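Note that these values count all heavy atoms, side chains included, but never hydrogens, waters or copies made by symmetry. Bear in mind that the values here come from a model prediction, so they are computed numbers and not experimental data.
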Amino acid sequence: MFLFVLRRIVMSVPTLILVAVIIFCLVRALPGDAALMMLGGNIDDESTLEMMRRQLGLDQPLPVQFLAWLREIFSGNLGISIRTGQPVGALILDRFGVTATVVLLAMGTALIVAIPAGLIAAHRHNTKVDYAIVVLTILKLSMPSFWVGLMLLVLFGAILGWLPTVGFVSMSQDFGLGLTYLILPVTSLALSEIAVMTRMMRAGSLEVMNRDYITHARAKGLPERQVLWRHVFPNAFAPTLTMVGIALAGLLAGAAVTETVFTLPGLGKLLVDSIYGRDYPVLQGALLFIAAIYVVTNLLIDIAYSFFDPKVRLS
Amino acid sequence: MERAEMHDTPKTDTRAGGDPILRIEELEISFGPTSVVRGVDLALRRGEILALVGESGSGKSMIGRAILGLLPEPGRVSRGRIRFDGHEITAPSSPEELRLLRGRSIGLIFQEPLSSLNPTMKIGPQMFEAMRLHTDLTEAQIRARALDMLRQVRLDRPEALLDRYPHEFSGGMRQRIMIASVMMLKPALLIADEPTTALDAVVQREVLDIMEEVARANGTSVILISHDLAVVARYAERVAVMEKGDLVETGTTRAVLADPQHAYTRRLLAAAELGAPDPVAGRAGAPLLRVENLSVDFREKKVLGLFGETVHHAVRDVSLTIAPGEFVGLVGESGSGKSTIGRAICKLTPKAAGRVVFDGQPLDQIGAGEERHLRQRIRVVFQDPVSSLNPRMRIGRIVREGLRHDRSLSDTERQQAAERMLEAVGLSRDMAARFPHALSGGQRQRVAIARALIARPDLIIADEPVSALDVTIQAQILALLKRLQADYGFACLFISHDLHIVEQLCARLYVLHKGRLMEEAATPALFASPRHPYTRRLLSASPRLERGEKGVHLAEHILPGIAGDDLAYYDAMRPEEPYRLIDLGAGHRVAIRGEQAGPPVR
């Protein structure tokens with residue numbers, strides 16, 4: 001297990017370096033000039049512009065710029081933001097904290113709801129309970145998530161006035177207040193994931209329920225609850241787990257729409273802002289960080305997989 | 001024969017006495033408007049073993065499931081009643097009453113050992129959970145009982161076994177674990193639904209022997225559901241025969257075998273009994289196919305280890321010949337490499353060493369054009385008629401494809417040839433317009449044979465062509481192959497795990513074990529005087545029915561002096577260890593250990 005993790009981490013280094021090269025080239029290929037943007041966008045004075053470029057290191061040949069960036073990466077702070085002057089590493093971690101809080105809470109909620117819902121739907125296959133669950137998930141899937149987010153804001157924020165609509169307060173500063181700011185974005189994200197995962201869980205369970213070992217578990221005289229939890233769930237969860245992995249990585253990489261709707265200072269928002277501002281160091285850093293998120297999430301999912309499928313050996 | 005007689009005399013009456021433990025009256029099981037079981041009356045006494053025999057779709061498994069109250073949706077008991085030991089199964093006082101009977105009083109063992117254990121749970125917990133539910137024993141007592149049970153089904157080192165997952169065991173071992181876990185609760189009734197159908201003859205025999213032993217030791221009644229009369233006749237006191245939902249005959253095993261009353265039973269017996277062998281001998285002259293010192297390796301890359309690979313020697317140093325028009329049998333258990341040899345001959349699997357000479361031409365040295373031509377002369381019929389026919393192609397096109405290489409034919413001519421071929425294999429011309437899913441297993445296998453024969457090949461490689469079929473269908477397909485051979489004159493390498501099937505058709509047999517040839521002989525010589533211990537074990541594991549003076553009875557091969565040490569040696573033989581075949585005369589060759597001087601002594 002330890003060796004497996006170590007090997008995976010070592011093997012991810014070339015991946016990340018390759019990603020770094022691609023990110024660097026793409027970012028440089030973006031139209032626009034960071035120096036021009038820094039100076040407000042309408043400077044005619046070529047020498048001021050030149051000085052700005054030199055100050056930002058943009059006058060160097062591209063390979064030299066890339067090596068400079070690599071040096072920054074290995075030093076850990078990923079460079080300095082052109083716009084704010086903050087170290088990029090700290091900036092990303094700060095914003096990622098917000099995103100991770102929202103996403104992990106949403107994903108946890110989604111799993112707690114979706115797993116039993118999917119199991120029950122499959123267990124009560126072709127009954128009213130099953131139909132109700134299926135219809136609800138389809139209904140949710142056919143609604144755009146930003147719209148659901150907005151409706152939540154209108155209902156609970158504007159009309160009922162129970163929850164704040166704009167802004168964010170860190171839970172580390174004021175736990176109770178911070179929580180109220182999180183409820184709506186977490187609910188909005190969780191609803192989408194619940195819909196997807198309930199369907200996955202239901203489909204997986206239906207397939208497993210036809211297997212001989214389920215009939216056999218019943219033939220042992222086990223009560224239905226034990227049949228479902230002990231025999232159906234571990235076997236039906238594996239495909240859902242793959243979905244969870246993909247969704248988790250995608251959301252951690254920036255739930256940009258949700259963050260925009262709920263004005264959360266998350267990673268997705270940082271990424272969008274840095275693109276508009278041609279903030280090369282932040283943009284590069286954020287993209288590389290996202291690549292790392294994917295690597296780590298996949299690793300975690302693989303480890304989790306080994307708990308649900310004994311045939312998967314971590315070696 | 002000793003054994004059959006021992007079974008015949010005392011068991012029928014003395015052992016199984018008293019009131020019936022299970023009584024089924026006028027049982028009807030329906031799926032929606034269609035009934036799959038009709039008017040079945042059965043009674044089972046304590047300690048009695050009843051064989052419930054029928055082909056797939058006869059409703060035999062549904063009866064087993066109904067006894068447990070576990071019919072698959074939307075099946076239900078629409079008429080009649082099932083009484084078990086004072087309980088009304090079909091009208092329980094509560095669902096709980098039924099649930100508490102399951103496992104504790106009625107055990108179930110399924111056909112497919114690969115899918116009847118939960119793959120995500122260790123063996124131990126799977127064995128313990130029913131005990132926890134139905135008994136008040138402590139964890140330590142449950143564990144001790146499980147270990148004791150595993151020893152009873154003859155599994156070594158049971159302690160280590162409890163902590164392992166099902167996929168770490170072979171099919172036969174899993175089925176033994178299954179028996180242990182079900183019989184641990186000492187149920188009064190065991191329902192064994194085709195418990196060994198997926199297993200090889202040798203393993204099948206072992207598993208059934210163990211099951212019988214454990215059941216008799218605990219006084220458990222057994223309903224042994226099977227499609228194979230010859231297999232179950234050995235164990236059952238009584239036989240019940242099902243045909244298409246109707247119970248057509250019941251009686252003591254001996255009476256049913258000796259004097260079947262119903263036409264269907266007679267047909268079933270005729271199919272299982274397999275009359276006198278009528279092998280297809282080849283023509284004289286140069287062999288059509290010569291396989292010389294063939295070896296095949298499977299390499300498995302160590303994925304994350306980056307370097308190195310594990311080599312699995314699937315076939316080691318195998319030589320065989322087939323004369324033109326000759327039927328040759330290649331026999332072995334699953335994993336013995338017999339299919340791999342077939343695949344290597346048609347170049348579907350790369351060889352590690354050796355050569356294949358077809359009609360005087362070494363197959364390694366021919367060009368692409370010749371190879372295409374060659375593929376018309378060697379054709380394959382696969383085991384699984386479901387997956388070997390493209391489900392999206394109509395039958396006519398599937399058969400016609402065999403002629404695609406022949407540019408001289410028009411499409412209409414090909415179509416006509418396909419239709420003629422369909423008739424030759426006993427199907428009607430209008431089948432050409434259908435899709436494979438509309439055909440039965442036997443019909444599909446006929447299509448596969450038609451597809452193989454339409455190009456008039458010289459050699460057919462038939463890889464377990466009848467193993468997936470019911471016995472009566474098996475007999476039909478074998479007869480068909482024989483008739484077609486007389487018409488078309490092709491040779492055939494017949495790959496099978498069933499000795500009695502190859503005995504019907506093949507003039508010569510090769511016995512394969514762990515990728516090595518153990519014995520080669522003319523079929524009668526092999527059956528009359530098998531020389532290799534492995535061949536003997538294989539023979540003694542295959543039951544068959546024989547027609548004697550008093551009708552059909554169960555025949556067994558009595559083979560004195562199986563050299564146990566020798567066998568253990570071959571079982572454990574490592575790939576790099578030497579072995580060679582020595583000639584005993586008349587084409588009878590037998591493998592000996594590298595250092596041995598002569599053949600194994602009798």
Side-chain angles (χ1 to χ4, degrees), chain A residues 1 3-12 14 122-127 130 204-239 241 299 302 304-315, chain B residues 61 64-65 67-74 95-122 125-134 163-168 174 178 181-182 184-185 187 190-191 193 302-306:
Chain A
M1 173 86 164
L3 270 178
F4 168 78
V5 173
L6 191 72
R7 187 154 41 205
R8 279 287 290 266
I9 290 171
V10 171
M11 276 168 66
S12 69
H123 182 230
R124 305 237 176 254
H125 188 40
N126 287 343
T127 64
D130 181 28
S205 308
L206 278 180
E207 202 192 310
V208 168
M209 280 182 183
N210 283 328
R211 298 285 168 82
D212 285 350
Y213 56 79
I214 299 303
T215 309
H216 193 260
R218 293 200 175 111
K220 281 180 189 170
L222 296 185
E224 272 312 291
R225 177 191 288 269
Q226 279 189 34
V227 173
L228 282 181
W229 277 114
R230 214 178 285 167
H231 294 274
V232 178
F233 166 65
N235 288 290
F237 188 58
L241 189 63
L299 177 61
D302 281 351
Y305 229 102
S306 71
F307 287 103
F308 284 94
D309 188 352
K311 277 178 229 168
V312 176
R313 283 221 205 98
L314 303 180
S315 57
Chain B
S61 294
R65 300 283 289 268
I67 295 170
L68 281 156
L70 285 176
L71 281 171
E73 290 287 316
E96 278 300 274
E97 180 189 355
L98 224 54
R99 184 172 73 70
L100 290 175
L101 281 180
R102 288 183 204 134
R104 186 171 58 189
S105 304
I106 309 177
L108 173 70
I109 294 174
F110 261 133
Q111 168 169 15
E112 195 54 70
L114 301 184
S115 64
S116 49
L117 290 166
N118 182 344
T120 58
M121 245 171 125
K122 288 178 180 167
Q126 294 202 52
M127 290 186 75
F128 303 157
E129 63 177 0
M131 287 297 274
R132 278 196 205 118
L133 194 76
H134 294 296
D163 281 328
R164 294 165 71 183
Y165 286 99
H167 72 268
E168 299 174 60
R174 281 192 231 187
M178 200 70 197
S181 102
V182 169
M184 211 165 117
L185 283 132
L190 174 68
I191 297 169
D193 191 351
K302 289 177 185 163
V303 184
L304 285 172
L306 292 177

**Study point:** Partner residues of R99(B) under the salt bridge (Lys or Arg N to Asp or Glu O under 4.0 Å) criterion, sequence neighbours left out
**Key:**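 R99(B) satisfies salt bridge (Lys or Arg N to Asp or Glu O under 4.0 Å) with E96(B) once adjacent residues are dropped.
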
Point to revise | Under the salt bridge (Lys or Arg N to Asp or Glu O under 4.0 Å) test, residues paired with D193(B) that sit two or more places apart | key: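 D193(B) satisfies salt bridge (Lys or Arg N to Asp or Glu O under 4.0 Å) with no other residue.
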
**Study point:** Part of L101(B) within contact of chain A (heavy atom distance under 4.5 Å)
**Key:**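 Contact with chain A involves no heavy atom of L101(B) at all.
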
Check your understanding: Considering only heavy atoms, which portion of L100(B) lies under 4.5 Å from any heavy atom of chain A: side chain, backbone, both, or neither?
Key ->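 For L100(B), there is no contact with chain A at all, as no heavy atom is under 4.5 Å.
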
Point to revise | Among the listed options L185(B), V182(B), T120(B), the residue most often paired with chain A at heavy-atom distances under 4.5 Å | key: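 The candidate making the most pairs under 4.5 Å is T120(B).
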
**Study point:** Top contributor to chain A contacts, counting heavy-atom pairs under 4.5 Å, from R132(B), R104(B), R65(B)
**Key:**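 Greatest number of close heavy-atom pairs with chain A: R65(B).
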
Check your understanding: Side chain of R218(A), backbone of V227(A): donor and acceptor closer than 3.5 Å?
Key ->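 It does not hold such a pair.
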
Review point. Got M178(B) and S116(B) here, is their nearest side-chain heavy-atom distance under 4.5 Å?
Key: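 Yes; the side chains approach each other to less than 4.5 Å.
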
